[in-house]
Amino acid sequence: MPELPEVETIRFYLTETVLGQRVNTVKHLDQRMVKTGSASAEEITRRLPGRMVKSIKRRGKFLFLEWDTQDHLLVHLGMSGRLIWIPESAPWVTHTHMVLGFRDFDLRLSDPRRFGRIGWLPAGEEPGAQLGVEPLGRRLTRQFLAQKLKGRSAPIKALLLDQRIIAGLGNIYVDESLFQARIRPDRPGSSLTPAEITRMIRAIRAVLKQAIMHRGTTFSDYVDALGHPGENQAYLWVYGRSGQECRRCGHLLAQQVIAGRTSHFCGHCQS
DNA sequence: AAAACGACCTGGCCGC
DNA sequence: TGCGGCCAGGTCGTTT
């Protein structure tokens, strides 16, 4: 579900709410969701009470709650995860896998498909060390991307989805970025010209910034940390619109499985 | 090393 | 109404 703009929106709301608060109790933590790091659910449950949230960071699609002890709690929402700041009196939804109790509110993670993950990073371990560059950061340059695409025969779509190259893009925003850059998703990575790579980077940044401005895209599951849906679905050019007319040229939008993912593009605008 | 593919899960929707 | 089949915003491990 959530890609960078959705996770960034959640991060923003958590900064307004949970930042500076202290954990009273860990009311629930499902071991099956603890898939990263060496600490078990039991250990995390033991360590958290009394800790204060010092900062909330995002790397790619990962969130990290930094505690006053410099350890981090990693949270990834997978496809169907929701991280909600909610009064403690509110009933738990089904598939609630983590509940951190603060003064009057809970921070709750629910995730029906359980593709999400939780993990513990001891102080000194850099959050998101294995991830690629931030698409909205300075390190995403034409030179960087050209070097990563060099010699790669995989479709550009697969390479943009690879979190070890650029961290944060998923199926929606890759399709939207490729449309805006006017590049077909099935083009081999190495076939992109320097001008196309520059266009690609500009498109990625514009698409993500617009989505953050609209507080993310809600198709079915996504809601922000206060439970509100996003609004960016009204501004999509191709994702979820195959068979409909291209908003730019009027041709019918195509749908094709590329890199194992349903892909949406305009066969007329993109080449 | 890189590419392709199945696995992991549940729920919603569609057609019969 | 019920059931099977198919699809879903992501990642990871295995195979080729």
Side-chain angles (χ1 to χ4, degrees), chain A residues 1-10 30-37 58-63 74-83 93-98 109-119 128-132 135 147-179 185-191 204 207-208 210-212 214-224 229-243 255-265:
Chain A
M1 150 188 92
E3 306 179 31
L4 185 151
E6 289 75 33
V7 178
E8 179 60 22
T9 302
I10 292 171
D30 187 339
Q31 175 65 53
R32 286 175 297 176
M33 295 298 290
V34 181
K35 308 171 186 175
T36 302
R58 179 195 56 73
R59 277 282 281 129
K61 305 172 192 173
F62 289 82
L63 274 175
L74 167 156
V75 178
H76 192 288
L77 298 174
M79 292 274 260
S80 57
R82 291 177 167 190
L83 190 61
V93 298
T94 47
H95 307 296
T96 294
H97 306 309
M98 179 183 79
L109 172 76
S110 62
D111 182 6
R113 293 178 75 179
R114 278 193 268 120
F115 284 178
R117 57 184 52 224
I118 293 168
Q130 76 296 356
L131 294 172
Q147 193 257 320
K148 292 293 182 187
L149 301 186
K150 200 171 157 191
R152 302 294 299 265
S153 64
I156 183 64
K157 167 137 188 181
L159 300 172
L160 293 179
L161 285 171
D162 186 341
Q163 304 297 301
R164 295 165 304 182
I165 301 175
I166 300 176
L169 297 174
N171 208 27
I172 295 178
Y173 299 114
V174 164
D175 281 4
E176 292 295 312
S177 298
L178 285 164
F179 173 80
D186 55 0
R187 287 267 303 279
S190 60
S191 76
I204 288 169
V207 161
L208 293 179
Q210 182 202 251
I212 291 169
H214 294 135
R215 297 174 20 261
T217 301
T218 297
F219 255 79
S220 52
D221 292 314
Y222 169 72
V223 292
D224 68 28
E231 286 169 0
N232 196 58
Q233 55 279 14
Y235 302 89
L236 300 176
W237 291 78
V238 289
Y239 185 87
R241 297 195 65 245
S242 33
Q255 176 170 315
Q256 199 177 307
V257 174
I258 299 162
R261 312 295 297 278
T262 301
S263 304
H264 318 73
F265 62 98

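Chain A is the first sequence line, chain B the second, and so forth, proteins listed ahead of strands; every chain is numbered from 1.
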Chemist: Measuring only between side-chain heavy atoms, which start at C-beta, is A/L4 closer than 4.5 Å to A/P135?
Modeler: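 Side chain of A/L4 against side chain of A/P135, heavy atoms only: contact under 4.5 Å found.
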Chemist: Can a side-chain donor-acceptor contact be found between A/E176 and A/Y235 if the only test is distance below 3.5 angstrom?
Modeler: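 No, because no side-chain N or O of A/Y235 sits under 3.5 Å from a partner of the opposite role on A/E176.
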Chemist: Strictly below 4.0 Å: does A/H76 bring a side-chain N or O up to OP1 or OP2 of C/dG10?
Modeler: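 Negative; the distance criterion is not met.
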Chemist: For a quick check of understanding: with a heavy-atom distance under 4.0 Å over all strands, which category does A/Y173 fall into, base, sugar-phosphate or nothing?
Modeler: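 No contact at all - A/Y173 keeps every heavy atom at 4.0 Å or more from the nucleic acid.
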Chemist: Between A/K61 and C/dT11, is there a contact of a side-chain N or O with OP1 or OP2 at under 4.0 Å?
Modeler: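 Yes, within the criterion.
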Chemist: For the pair made of CZ in A/R261 and P in B/dA3, what is the distance, rounded to whole Å?
Modeler: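 For the pair A/R261 CZ and B/dA3 P, the rounded distance is 17 Å.
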Chemist: Report the distance from atom CZ of A/R117 to atom C1' of C/dG10, rounded to the nearest whole Å.
Modeler: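 Spelled out: CZ on A/R117 to C1' on C/dG10 is 10 Å.
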Chemist: Would you kindly give the CD1-to-P distance between A/I258 and B/dA3, to the nearest whole Å?
Modeler: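 From A/I258 CD1 to B/dA3 P: 15 Å.
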Chemist: Shortest non-hydrogen contact from A/P2 to A/M79?
Modeler: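 The answer is CD-O, 4.2 Å.
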Chemist: Specify the residues of residues 157-166 of chain A, ordered by number, for which at least one heavy atom lies under 4.0 angstrom from an atom of DNA chain C.
Modeler: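 Close to the strand are A/Q163.
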Chemist: Could you tell me the Watson-Crick or G-U partner of C/dG5, where both distances fall under 3.5 Å? Say none if there is no partner.
Modeler: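 Paired with C/dG5, as far as the under-3.5 Å criterion goes, is B/dC13.
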Chemist: Please give the distance between the P atoms of C/dT11 and B/dA1 as a whole number of Å.
Modeler: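 Looking at atom P only, C/dT11 and B/dA1 are 22 Å apart.
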Chemist: Could you check whether any side-chain heavy atom of A/E6 comes within less than 4.5 Å of a side-chain heavy atom of A/T217, counting everything from C-beta outward?
Modeler: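 Yes, side chains in contact.
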Chemist: With respect to the phosphate group of C/dA8, does any side-chain polar atom (N or O) of A/T262 fall under 4.0 Å of OP1 or OP2?
Modeler: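 Checking A/T262 against C/dA8: at least one side-chain N or O falls below 4.0 Å of OP1 or OP2.
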Chemist: For a quick check, with a 4.0 angstrom heavy-atom cut-off, what is the B/S/- contact string for nucleotides 5-10 of chain B, read 5' to 3'?
Modeler: ---BBB
Chemist: Does A/S153 have a side-chain nitrogen or oxygen under 4.0 Å from the phosphate oxygens OP1 or OP2 of B/dA3?
Modeler: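 For B/dA3, OP1/OP2 do have a side-chain N/O of A/S153 under 4.0 Å.
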Chemist: State, yes or no, whether a side-chain contact exists between A/I10 and A/L77 at a heavy-atom distance under 4.5 Å.
Modeler: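 Counting from C-beta outward, A/I10 and A/L77 do come under 4.5 Å.
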Chemist: Please report, rounded to the nearest Å, how far the C1' atom of C/dT11 is from the CG atom of A/L169.
Modeler: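 It works out to 15 Å between those atoms.
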Chemist: Verify, without hydrogens or angle tests, whether A/K35 (side chain) and A/G116 (backbone) share a donor-acceptor contact under 3.5 angstrom.
Modeler: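 Side chain of A/K35 to backbone of A/G116: a pair is present.
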Chemist: Measuring only between side-chain heavy atoms, which start at C-beta, is A/F179 closer than 4.5 Å to A/H264?
Modeler: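 No, side chains not in contact.
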Chemist: Report which part of the nucleic acid A/G170 touches: base, sugar-phosphate, or nothing (heavy-atom distance under 4.0 Å, all strands).
Modeler: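 Sugar-phosphate only.
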Chemist: Determine, stepwise, if the pair A/L131 / A/F62 fulfils side chain to side chain contact (heavy atoms under 4.5 Å, CB included).
Modeler: CA-CA 10 Å; A/L131 294 172; A/F62 289 82; 3.7 Å; yes
Chemist: Nearest 0.5 Å, what's the CG-CG distance between A/L63 and A/L83?
Modeler: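 Separation between the atoms: 6.5 Å.
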Chemist: Rounded to whole Å, please give me the gap between NZ in A/K148 and C1' in B/dA3.
Modeler: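 Nearest whole value for this atom pair: 17 Å.
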Chemist: Could you tell me whether a side-chain N or O of A/E3 sits under 3.5 Å from a main-chain N or O of A/Y173, the two making a donor and an acceptor?
Modeler: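 Answer holds: yes.
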Chemist: Rounded to whole Å, please give me the gap between CG in A/L77 and C1' in C/dG10.
Modeler: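 To the nearest whole Å, that distance equals 11 Å.
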Chemist: For the pair made of CZ in A/R59 and P in C/dT11, what is the distance, rounded to whole Å?
Modeler: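 That distance rounds to 13 Å.
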Chemist: Whole angstrom is fine here: how far is it from CG in A/L74 over to P in C/dC12?
Modeler: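 Between P of C/dC12 and CG of A/L74: 10 Å.
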